[in-house]
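Written below as structure tokens is the structure these notes are about.
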Amino acid sequence: MSPANIDDTSGPLDTGGGRPLTRKELRAREKTHTGGQDTVPEHAYETGDVPPPPAAPPAAASPAAEPSFAPLARTGDVPAAPVTPPSIQDEQPAGPPHGHDAAADRPAALDHHDDVAHQDDVPHDDNVAYQEAEVQYAGVHHEADLHHGAGAHDYREVHDDHGHHAAAYDEYHHDEHHQDADHGLLPGSSAAQVVPRPSKKVRRRRRLLALFLTLIVFVAAVAVGAQFLKPLLGNGKPSDFPGPGTGEVQVTVESGEGTRSVATDLENKRVVANADTFMQAFHASGATLAPGDYIFKTEMKNADAVNVLAGKDRTKVIYFALSAGLRISESLQSISEGSGISVQQLQALSNQPAQFGLPANAKNLEGYLAPGEYRFPLGTQAKDILQALVKATTDELVSQGITDPAKQYQAVIVASIVQAEGGQADYGDVAGAIYNRLKPNDQTGGFLQVDSAVTYGLGTRSFNFTDEQRQDKSNPYNTYANPGLPPGPIGSPGKTAIDAAARPKSNDYLYWVTINLDTKETKFAKTLAEHNAYVEQYNAWCQANAGRCT
């Protein structure tokens, strides 16, 4: 027989003979007879397996309530049919509240009971199945009591009917899931998730990578520090001299020479202590390097040497610049402004050209004051300044093979006309045409006929002069009225013009005219008729550019 229906004793839980026990009565009886010790393992709830009862039955809770049911059958055993089938009029558990699906909330064992209870064509004892599910369900929750006291307690407080069973089941599982989440447990597992520790190979790779990155940072720091300290330390050399320095050292800066070359030269001559730190000071000053001769002292401070080379501090050096084509009066004025020496003192020295090595026919230093930028130490005498400029011109003539002072003077005259008459690209052809005119010919009769020489004799810069002025022989620089070269240079020729005068191009030209004063385009002719056509082009340009040809 099924143990659920053989209880013939009367007790507080007996509500009627032959009537199925409610779940509340089953739960009370279980507490009374087992004392909470005969628990069903959790896997029994999941699989339906029920372990056998203990060898010795637990003591009864009271003499009046003696358990009379036998051990439940194991999974797969078919229970015996009940003596009296259940009746639909028998007392049924109270249903869930209206609108609540109790079947969705209760365990699968209870759902199985419902399915079996409604299959009328299969003979079985409904109460037996119901009680067996209740025992499994109670065992599961008793196991949960050991681990989740609060959740099991909630179940024990409400289990009077199907609806309350479902509510208590939901509340229990809500608490159970909440506690699992708090303890970091996975559902259905009693062990916490553990992040696996990286393998030794991975850890070794990480250590090597960290060491490699550290080494790179260290090497980079050392390299940057070395580059920063190298100019300051100078490889054992002092970074600067205390100054102000002594003696006199001349340094020549060639055209196109770089700052590094000049700085190395200054270091080799002990003008500065360290070429690197001097370059830093020079670049920091924002100065530009210009060709010329510079006078320094030995063991100067970098800042003082920069001032000499840059010419910024006029109070510490004599500085002036002369442009190519300047006349003697203009050149002396620039020298006076840069040196503080009076124009009268300079003019008096210029009127004595013999003391500077010029030939007797030279009246002054016109044409010999070489263009360029000049810097001299403070206190440099006026004669020394002029001598340096004259020497620059004679040195250039000597480099072109002209050593005789008389021939040097003639070359300077031709170079001054070349400088004034043509564009730099045509200097060689202009010089050749001048020498052709000086030779006997049937076109010019030995007259140069250059306007720049006439205006120099007139003391003006305008090429517009009258026919009367053109025919005036009293102007020794009037090359229309006086044959041959003028008596002296008409300005300061530059290096390129001197080289052209010393080595003119060989040609058959007798005439030339610059038809565009902006581009310096020059037209050359062998006959006067051809030349006059080019002159008309010049006049047309002057009309299109009013005020430029005055």
Any side-chain donor paired with an acceptor under 3.5 Å for [X] and [Y]?
{"X": "Q449", "Y": "Y511", "answer": "no"}
{"X": "E421", "Y": "S452", "answer": "yes"}
{"X": "N436", "Y": "N441", "answer": "no"}

Salt-bridge contact [X]-[Y] (side-chain N to carboxylate O under 4.0 Å):
{"X": "K495", "Y": "D499", "answer": "yes"}
{"X": "E330", "Y": "R461", "answer": "yes"}
{"X": "K523", "Y": "E521", "answer": "yes"}
{"X": "D276", "Y": "R260", "answer": "yes"}
{"X": "E248", "Y": "K297", "answer": "no"}

Does [atom1] in [X] sit with more than 12 non-hydrogen atoms of other residues, nucleotides or ligands closer than 6.0 Å?
{"X": "R205", "atom1": "CZ", "result": "no"}
{"X": "Q355", "atom1": "CD", "result": "yes"}
{"X": "K269", "atom1": "NZ", "result": "yes"}

Out of curiosity, [X] [atom1] to [Y] [atom2], how far, rounded to the nearest 0.5 Å?
{"X": "L389", "Y": "L369", "atom1": "CG", "atom2": "CG", "answer": "5.5 Å"}
{"X": "I515", "Y": "E536", "atom1": "CD1", "atom2": "CD", "answer": "12.5 Å"}
{"X": "C542", "Y": "Q537", "atom1": "SG", "atom2": "CD", "answer": "12.0 Å"}
{"X": "Q387", "Y": "I385", "atom1": "CD", "atom2": "CD1", "answer": "12.0 Å"}
{"X": "H283", "Y": "F278", "atom1": "NE2", "atom2": "CZ", "answer": "9.5 Å"}

Under 30°, 30 to 60°, or over 60°: which ring-plane class applies to Y374 and F376, parallel, tilted or perpendicular?
parallel
Quick one: are [X] and [Y] in side-chain contact, heavy atoms under 4.5 Å?
{"X": "E373", "Y": "Y319", "answer": "yes"}
{"X": "F524", "Y": "H531", "answer": "no"}
{"X": "S350", "Y": "I328", "answer": "yes"}
{"X": "L326", "Y": "P371", "answer": "no"}
{"X": "T298", "Y": "F241", "answer": "no"}
{"X": "L448", "Y": "N482", "answer": "no"}
{"X": "K526", "Y": "Y509", "answer": "yes"}
{"X": "I417", "Y": "Y456", "answer": "no"}

Can you name the nearest heavy-atom pair linking [X] to [Y], along with the distance?
{"X": "D472", "Y": "N478", "answer": "O-ND2, 2.7 Å"}
{"X": "V271", "Y": "F296", "answer": "CG1-CB, 3.6 Å"}
{"X": "L517", "Y": "C549", "answer": "CD1-SG, 4.1 Å"}
{"X": "P486", "Y": "Y477", "answer": "CB-CD2, 3.5 Å"}
{"X": "T393", "Y": "G367", "answer": "CG2-O, 4.1 Å"}
{"X": "A263", "Y": "A275", "answer": "O-CB, 3.7 Å"}

Run the numbers on T514 and Y538 for side chain to side chain contact (heavy atoms under 4.5 Å, CB included), then give the verdict.
CA-CA 7 Å; T514 301; Y538 166 73; 5.9 Å; no
Using the salt bridge (charged side-chain N to carboxylate O under 4.0 Å, His left out) rule, take E299 and R270 through it: C-alpha gap first, then chi angles, then the decisive distance, then the call.
CA-CA 6 Å; E299 299 188 0; R270 291 192 59 77; 2.7 Å; yes
Going through the distances and angles, do S492 and S416 end up as a side chain to side chain contact (heavy atoms under 4.5 Å, CB included)?
CA-CA 6 Å; S492 297; S416 66; over 6 Å; no
Tell me, please, whether Y480 has R470 positioned over its six-membered ring: NZ or CZ under 6.0 Å from the ring centre and within 45 degrees of its axis?
yes
Could you go through the side chain to side chain contact (heavy atoms under 4.5 Å, CB included) check for D240 and V272 one step at a time?
CA-CA 7 Å; D240 200 359; V272 297; 6.0 Å; no
Going through the checks in order, is the side chain to side chain contact (heavy atoms under 4.5 Å, CB included) test met by V249 and I295?
CA-CA 6 Å; V249 178; I295 304 301; over 6 Å; no
With a cut-off of 3.5 Å and sequence neighbours excluded, list every side-chain donor-acceptor pair involving residues 337-348.
unit_1, atom_1, unit_2, atom_2, d
E337, OE2, Q333, NE2, 3.3
S339, OG, I335, O, 2.7
S339, OG, I341, N, 3.2
S342, OG, Q345, N, 3.2
Q347, NE2, N351, OD1, 3.1

